[in-house]
Chemist: 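What follows is a single structure, and I will ask about it in a moment.
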Amino acid sequence: MNRGPRVTRPEDTVVANQSKKKLKVLLRLGKYMAHFKWGYLAAVALSVCSNLLSLIGPKLSGEAIDAIGTQPGQANFEKIALYCTMMLGAYLLSSIMAYTLQVVMINLSRGIVKKMREDIFAKLMRMKVGYFDVNQTGDIISRISYDIDTINATLSTDLVQIASSLVTVIGSLVMMISISPTLCLVFAVTVPMSILVSTKMANKFRPLFRARSGKLGELNGYAEECLSGQKTVRAYSAEPAMIERFAGKNKSAADAYFKTDYYGTMVGPTVNFINNISLALVSVFGSLLYLGGGISIGDVSSFVLYSRKFSGPINESANIINELQSAAAAAERVFRLLDETEESPDDEDAVVFTKSRTDPGTFVTGRVDLTDINFGYTPEKQIIHDLTMNVKPGMTAAIVGPTGAGKTTIINLLMRFYDPDSGDIKLEGKDIAHANRKSVRQSYTMVLQDTWLFSGTIADNIAYGSPRDVTRAEIEKAAKAAGIHSFIMGLPKGYDTILTDEGVNISKGQKQLLTIARAMISDAPVLILDEATSNVDSMTEMRIQHAMNELMEGRTSFVIAHRLSTVRSADVIFVLRDGRVIEHGSHDELMAQKGFYHSLHNAQFVS
């Protein structure tokens, strides 16, 4: 299949105006959070109450210390017991609220992440087919799994920590000012230093988090490709080369992680050093004020406790900043996917094709016309040149030609997976460029060279894609026509046997037969068979061909084949070479012309 070049996007590129970009990402996350605004309001209330209760503790501790006194025999045990009981109650209630807050936030983050994953998957289902041709599957999966999990961790824990830290810092500052405004002057120097250092470092290290997410996506993409192609890798004994390449990509990912964690962890110790200095200065100046009679020993103790609460969130802010940057990088990758170009919407007056004469719309008999088609997956390289085909209802049209001639590309254009650069493709005389895509695609049923079966029963796989409920009798009839019924009945549970990647040992040819049975059960008026019998033996091919001749009676069929034995009975054979139709006609007519088709035929059948 002709596809565009596979590329990996440079996630580690430093983009200008990062502040605006980061703000945009946060605002988009905020839109998701807005769906759960009442839950977040409850979380804020719980956070405020929990932290206010915890802030009462140091004040009560100071009162208890003052109740002890500085001289022997001065202790007031009733007051001490009262303050200690009140302090215990405040801390207990604070802990209960903190636990409740965590439960609420976990549920909120689960809801947000669930919605984000649903949005991403729905977006992928609306994406142009070309997107999957140029992006690694592993990288896409990495965005759905790793990046979303990174965002989840931030939403469930970091946001709680930020809210708690904000309340703690403001509350502690208020309490310290009420105890001793003079001692608070210490923080007028150390806090700006902490903020300046953490901000500078965060701005410097932000690109590293973006690069880390990108390198992990590349690693996942490469691993997915290698695992899906294990038989080919082993057949060519290419394990050492694949391991070496994986080691290179793994080293790049590990280095990106190391650089991110190495430089990211520098913030914490630096900020912690500054805050330890502030605590030391508080202790020294507090002792001097006590000796001068300006403050009680209990107030000194309370102030030290509040100062620890005040500086604690600042210490933790370094770790929070790292996690927020990681989440922002992950969210950026997720939103970049959500911003990808989708298939253009159908016209408001789009033509709707139907498979029943009684339904409103254009009834499909199977007339297909391609006129002066030009197309390339990239502007630099044209695949199809001035191609014209006219297929009448009920005809079997074969498309043959050497590899790379553009045979499968024509199928992509018929199904509107891609639109031609110029020219018209018409179904029943209606230009499909102005038709409802769903109705266009439901007018066809396809059997591709690459088989696709999902995890489920054999019966479900055969019935997949049918627009109506299919009976077991119809499923069995299709399986018999495809020559796979006997094999299915020999399985442990027959048609109810579950197909999984590690389950039933089913050959590639048998998988192809199942997809052929799936096509047979469809009532689409046009069939597309893209090398449909390439994975079966000659005897099975003959049985399938006989069954298909009956199935295709009255339907338009497009048959792509390299083996010319499968297309001899076709009504018309289009011979492609370098994206152009160079010959067309029946088998006998083309053989009589002794042109390119004659050469292809002799190359296969004349030794």
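The figures that follow rest on heavy atoms only: side chains count, while hydrogens, waters and symmetry mates do not.
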Chemist: For the residue pair K128 and T341, establish whether any side-chain heavy-atom pair is separated by less than 4.5 Å.
Modeler: yes

Chemist: Determine whether V526 and S557 make a side-chain contact, defined as any pair of heavy atoms from C-beta on separated by less than 4.5 Å.
Modeler: no

Chemist: For the residue pair M389 and V581, establish whether any side-chain heavy-atom pair is separated by less than 4.5 Å.
Modeler: yes

Chemist: Quick one: closest heavy-atom pair of Y418 and V129, and the distance?
Modeler: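 Shortest heavy-atom contact: OH-C, 4.0 Å.
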
Chemist: When you check the side-chain N and O atoms of T409 and Y377, is any donor under 3.5 Å from an acceptor?
Modeler: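 The criterion, which ignores hydrogens and geometry beyond distance, is satisfied for Y377 and T409.
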
Chemist: Locate the shortest heavy-atom distance separating I148 from I120; write the atom from each residue and the value.
Modeler: CD1-CD1, 3.7 Å

Chemist: Give a yes or no on whether the backbone of V391 and the side-chain of R367 come within a donor-acceptor separation of less than 3.5 Å.
Modeler: no

Chemist: Using salt bridge (charged side-chain N to carboxylate O under 4.0 Å, His left out) as the criterion, list what pairs up with K123, not counting sequence neighbours.
Modeler: E342

Chemist: With Y495, which residues qualify under ring pair (Phe, Tyr, Trp, His ring centres under 6.0 Å), at least two apart?
Modeler: H485

Chemist: Decide yes or no on side-chain hydrogen bond (donor to acceptor under 3.5 Å, both in side chains) for D369 and N390, but give the supporting numbers first.
Modeler: CA-CA 5 Å; D369 299 290; N390 302 110; 2.8 Å; yes

Chemist: Would you check if the side chain of D347 reaches a backbone N or O of D349 as a donor-acceptor pair within less than 3.5 Å?
Modeler: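 Checking the backbone N and O of D349 against the side chain of D347, no donor-acceptor pair under 3.5 Å is found.
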
Chemist: Run the salt-bridge test on R333 and D147 with the 4.0 Å N-O cut-off and return the result as yes or no.
Modeler: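 Judged by the 4.0 Å cut-off on N to carboxylate O distance, R333 and D147 do form a salt bridge.
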
Chemist: To the nearest 0.5 angstrom, please state how far the CZ atom of F375 sits from the CD1 atom of I410.
Modeler: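 Answer rounded to 0.5 Å: 11.5 Å.
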
Chemist: Is a donor on one side and an acceptor on the other found under 3.5 Å between the side chain of R577 and the backbone of I582?
Modeler: no

Chemist: With the side chain counted from C-beta on, respond yes when L387 and R580 share a heavy-atom pair under 4.5 Å apart, and no when they do not.
Modeler: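 Sidechains of R580 and L387: no contact.
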
Chemist: Report yes or no: does D421 contribute a side-chain atom to a donor-acceptor pair with the main-chain N or O of G376 at less than 3.5 Å?
Modeler: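 Judged by distance alone, yes, a pair lies under 3.5 Å.
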
Chemist: If the condition is ring pair (Phe, Tyr, Trp, His ring centres under 6.0 Å), which residues does F574 pass it with, not counting sequence neighbours?
Modeler: H584

Chemist: I'd like to know if D255 and K251 make a salt bridge, using a cut-off of under 4.0 Å between side-chain N and carboxylate O.
Modeler: yes

Chemist: Once side chain to side chain donor-acceptor pair (under 3.5 Å) is applied, do any residues pair with R117, and if so which ones, sequence neighbours excluded?
Modeler: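 D149.
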
Chemist: Using a distance-only test with no angle check, is there a side-chain donor-acceptor pair under 3.5 angstrom linking T471 and E474?
Modeler: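 Looking only at side-chain atoms, E474 and T471 do form a donor-acceptor pair, the distance falling under 3.5 Å.
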
Chemist: So, for I521 and I462, which heavy atoms are closest and what is the spacing to 0.1 Å?
Modeler: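 Heavy atoms of I521 and I462 come nearest at CG2-O, 3.4 Å.
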
Chemist: Salt bridge check: are E343 and R437 linked by an N-O gap of less than 4.0 Å?
Modeler: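 Judged by the 4.0 Å cut-off on N to carboxylate O distance, E343 and R437 do form a salt bridge.
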
Chemist: Do S252 and K215 have side-chain heavy atoms sitting under 4.5 Å apart?
Modeler: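 Yes, side chains in contact.
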
Chemist: Side chains of residues 358-366: which donor-acceptor partners sit under 3.5 Å, not counting sequence neighbours?
Modeler:
residue : atom : partner : partner atom : Å
T358    : OG1  : S356    : OG           : 2.8
T365    : OG1  : E428    : OE1          : 2.9
T365    : OG1  : E428    : OE2          : 2.9

Chemist: Got a donor-acceptor contact below 3.5 angstrom from the D571 side chain to the T396 backbone?
Modeler: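 Side chain of D571 to backbone of T396, a donor-acceptor pair under 3.5 Å: yes, one is there.
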
Chemist: CG of D386: more than 12 outside heavy atoms within 6.0 angstrom?
Modeler: yes

Chemist: Specify the closest pair of heavy atoms between D119 and L338, including all atoms of both residues, with the distance to one decimal.
Modeler: O-CD2, 3.8 Å

Chemist: Please report the closest heavy-atom contact between T556 and P393, naming both atoms and the distance.
Modeler: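 In terms of heavy atoms, the two residues are closest at OG1-CA, 3.5 Å.
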
Chemist: Between D496 and R472 (salt bridge meaning N to carboxylate O under 4.0 Å), is one present in this structure?
Modeler: yes

Chemist: For F596 and E583, which heavy atoms make the closest approach, and how far apart are they?
Modeler: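 Between these two residues, the closest heavy atoms are N-OE2, 2.6 Å.
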
Chemist: Measure the shortest side-chain to side-chain distance between L576 and I399 over non-hydrogen atoms and say whether it is less than 4.5 angstrom.
Modeler: yes

Chemist: Just by distance, with hydrogens left out, do D346 and N436 show a side-chain donor and acceptor under 3.5 Å apart?
Modeler: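 Side chains of D346 and N436: pair found under 3.5 Å.
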
Chemist: Would you say that V575 contacts L590 through its side chain, given a criterion of any heavy-atom pair below 4.5 Å between the two side chains?
Modeler: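 A side-chain contact under 4.5 Å exists here.
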
Chemist: So, S422 versus D372: side-chain donor-acceptor pair below 3.5 Å or not?
Modeler: no

Chemist: Going through the checks in order, is the salt bridge (Lys or Arg N to Asp or Glu O under 4.0 Å) test met by R28 and D339?
Modeler: CA-CA 12 Å; R28 291 188 70 171; D339 290 337; 2.7 Å; yes

Chemist: Whether E332 and R336 form a salt bridge (side-chain N of Lys/Arg under 4.0 Å from carboxylate O of Asp/Glu) is what I want to check.
Modeler: yes

Chemist: Of all residues at least two apart in sequence or in a different chain, which pass the ring pair (Phe, Tyr, Trp, His ring centres under 6.0 Å) check with Y597?
Modeler: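 Result, ring pair (Phe, Tyr, Trp, His ring centres under 6.0 Å) vs Y597: H587.
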
